K.L.:
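One structure, as structure tokens, below. Some questions next.
The chains referred to below are lettered A, B, ... by the order of the sequence lines, with proteins before strands, and numbering in each begins at 1. The model shown is predicted, which means the values in this text are computed figures rather than measured ones.
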Amino acid sequence: MPHTRTEHWDVVVEATEPWWRVDLRELWRYRDLIALLIRRDLLAIYKQTVLGPVWQILQPLLTAVVFAVVFGFVGRVHASDVPPVLFYLAAVIPWMFFANVINRTSQTLVWNAALMTKVYFPRVVAPIATTLSTMVGFLLQVVVFIVIAFILHLNGAFTWAGQDHFQWFPLLLLLMTLLAFGTGILVAGLTARYRDLGFLVGFSVQLLMYASPVIFPLSMVPPGSTLDVLIRLNPMTGPIEGFRAVLLGSSFDPTLLVHSSFVTVGVLVIGLVVFQRVQRSFADVI
Amino acid sequence: MSNPRNVIEATDLSKRYRLGVTDHAQLVDGFKAFFKGGEGRGELAPVSEGQRSGRDFWALRGVTFSVQEGEVVGVIGRNGAGKSTLLKLLSRITKPTTGRIRMRGRSASLLEVGTGFHPELTGAENIRLNGAIMGMRRSEIAAKFDEIIAFSGIEHHIDTPIKRYSTGMKVRLGFAVAAHLDPAPRPPPGSLDQGALQHRHEGEIGFRCGGAP
């Protein structure tokens with residue numbers, strides 16, 4: 001009797017596979033690993049610290065205080081009647097999230113090298129877990145911000161400006177996350193073999209902050225000036241302005257997000273393609 | 001009737017590695033390959049044999065074999081014969097330069113016990129993490145959790161970060177997780193340099209690559 005069973009194989013490995021194949025079903029099967037890697041990140045960071053997760057709050061808070069002193073009081077930059085610390089904190093929190101996600105995801109392959117060379121899992125699992133564990137810290141910071149703002153409000157030091165932009169929060173978070181994730185995996189893919197770019201990235205992200213409305217509101221920049229053009233080219237300008245508006249109730253121009261959306265989609269697609277292309281032989285070059 | 005069917009089929013498998021350190025010469029080669037439409041970054045481009053053979057190393061070349069359901073296969077060879085490379089290809093840690101692998105069922109590889117152990121996490125936390133890394137579902141780990149701890153014989157230290165463990169305790173914990181994997185590769189006997197790939201579909205099929213002890 002001839003062998004008539006239909007050929008079904010669960011796993012097929014070819015020497016060359018199309019770069020666009022992102023196996024979402026496989027990724028879904030690995031959701032437990034993603035959850036556990038997030039847990040590992042969150043548990044491991046603050047082991048042997050006394051303050052633990054409080055550091056999540058102290059970092060942006062101290063940065064905002066420094067900005068408030070340097071730019072707010074000395075440089076007379078800060079605008080309006082919002083307390084300077086609150087004004088800076090509202091932008092420092094999302095900016096730090098953005099910078100941390102880029103820095104961490106771009107290093108994720110090197111950090112997890114011991115894992116990648118010993119066992120198979122979809123490589124994109126590692127940067128996804130890193131991004132989500134960073135997001136947990138971000139959400140915690142937003143909650144603390146609201147608490148601080150409420151306390152200042154009770155003291156009469158801060159008055160809610162009254163504009164309600166809460167509906168933008170999910171979109172702002174999504175844009176910012178995907179932009180940082182896309183940039184991170186792009187860099188991770190490019191630095192798997194040559195690590196030079198890694199040095200450039202951390203530094204560039206730091207510089208990019210000065211071409212964003214973190215330190216001064218967009219309304220203070222003279223329209224049409226070089227700075228204005230640079231700031232409007234920065235895809236993080238829209239999300240930063242948006243988060244500040246959401247958190248302080250100030251005014252916000254949603255059309256700023258159009259440019260951000262295009263850049264985000266572009267960077268994400270390029271990042272995924274490069275990462276996909278490199279991922280199958282990471283273990284050889286890492 | 002039930003014909004024993006193939007659960008692993010490897011056809012014309014080859015793996016080429018590049019010798020030497022990563023430097024700008026490789027970057028130049030990489031760019032050339034990239035613009036020639038080769039495989040590009042991250043892997044070697046198919047450049048003509050004579051041009052490269054001096055700096056290339058073929059760990060495997062033209063390997064074809066199949067493993068049937070229920071078979072246990074051992075691969076024996078000297079150091080550098082390509083046993084571990086074969087195992088890495090079968091476990092998808094790296095991709096072949098040429099050829100194709102087809103597999104049925106689920107496979108778990110064990111190149112090293114305790115893969116992904118995090119020194120700051122406790123024994124219990126590492127059991128969950130290690131199990132997930134080896135491809136176990138969370139529910140499977142939970143079901144076998146007590147068994148794994150009992151097997152490891154370190155109940156009293158299970159809530160201690162494993163950086164405080166002795167080498168022996170870490171190995172025991174790693175073995176305990178590996179022994180409860182489904183499909184369960186038997187931890188390689190003796191030397192830890194050995195690797196094992198266990199493949200299971202309905203029956204039990206083992207594929208092992210063992211290094212010289």
K.L.:
Under a 4.5 Å cutoff for heavy-atom pairs, which residue among Thr98(B), Ile133(B), Ile141(B) has the most contacts with chain A?
P.N.:
Ile133(B)
K.L.:
Donor-acceptor pairs under 3.5 angstrom involving side-chain atoms of residues 134-145 of chain A: please list them, not counting sequence neighbours.
P.N.:
{"residue": "Thr134(A)", "atom": "OG1", "partner": "Arg104(A)", "partner atom": "NH1", "Å": "3.2"}
{"residue": "Thr134(A)", "atom": "OG1", "partner": "Thr130(A)", "partner atom": "O", "Å": "2.7"}
{"residue": "Gln141(A)", "atom": "NE2", "partner": "Gln56(A)", "partner atom": "O", "Å": "2.8"}

K.L.:
With the threshold set at 4.0 Å, does a side-chain nitrogen-carboxylate oxygen contact exist between Glu14(A) and Arg92(B)?
P.N.:
no
K.L.:
Looking at side-chain heavy atoms only, is the closest gap between Pro96(B) and Val13(A) below 4.5 Å?
P.N.:
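With C-beta onward as the side chain, the pair touches.
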K.L.:
Can you tell me which portion of Asn126(B) sits under 4.5 Å from chain A's heavy atoms? Options are side chain, backbone, both or neither.
P.N.:
neither
K.L.:
Near Phe262(A) CZ, under 6.0 Å, is it more than 12 heavy atoms from other residues, nucleotides or ligands?
P.N.:
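Result for CZ/Phe262(A): open.
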K.L.:
Hey, is CH2 on Trp55(A) packed in by over 12 heavy atoms from elsewhere, all under 6.0 Å?
P.N.:
no
K.L.:
Side chain to side chain contact (heavy atoms under 4.5 Å, CB included) with Leu233(A): which residues, sequence neighbours excluded?
P.N.:
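Scan of Leu233(A) (side chain to side chain contact (heavy atoms under 4.5 Å, CB included), adjacent residues dropped) gives Val229(A).
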K.L.:
Could I get the full list of side chain to side chain contact (heavy atoms under 4.5 Å, CB included) partners for Thr122(B), not counting sequence neighbours?
P.N.:
Lys47(A), Ala124(B), Glu125(B)
K.L.:
Taking non-hydrogen atoms and a cut-off under 4.5 angstrom, which of residues 30-41 of chain A neighbour chain B?
P.N.:
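Checking residues 30-41 of chain A against chain B gives Arg31(A), Asp32(A), Leu33(A), Ala35(A), Leu36(A), Leu37(A), Arg39(A), Arg40(A).
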K.L.:
Could you check whether any side-chain heavy atom of Ile101(B) comes within less than 4.5 Å of a side-chain heavy atom of Trp9(A), counting everything from C-beta outward?
P.N.:
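A side-chain contact is absent here, since even the closest heavy-atom pair is not under 4.5 Å.
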K.L.:
Please name the pair of heavy atoms, one in Met116(A) and one in Ile93(B), separated by the smallest distance, quoted to 0.1 Å.
P.N.:
O-CG2, 3.4 Å
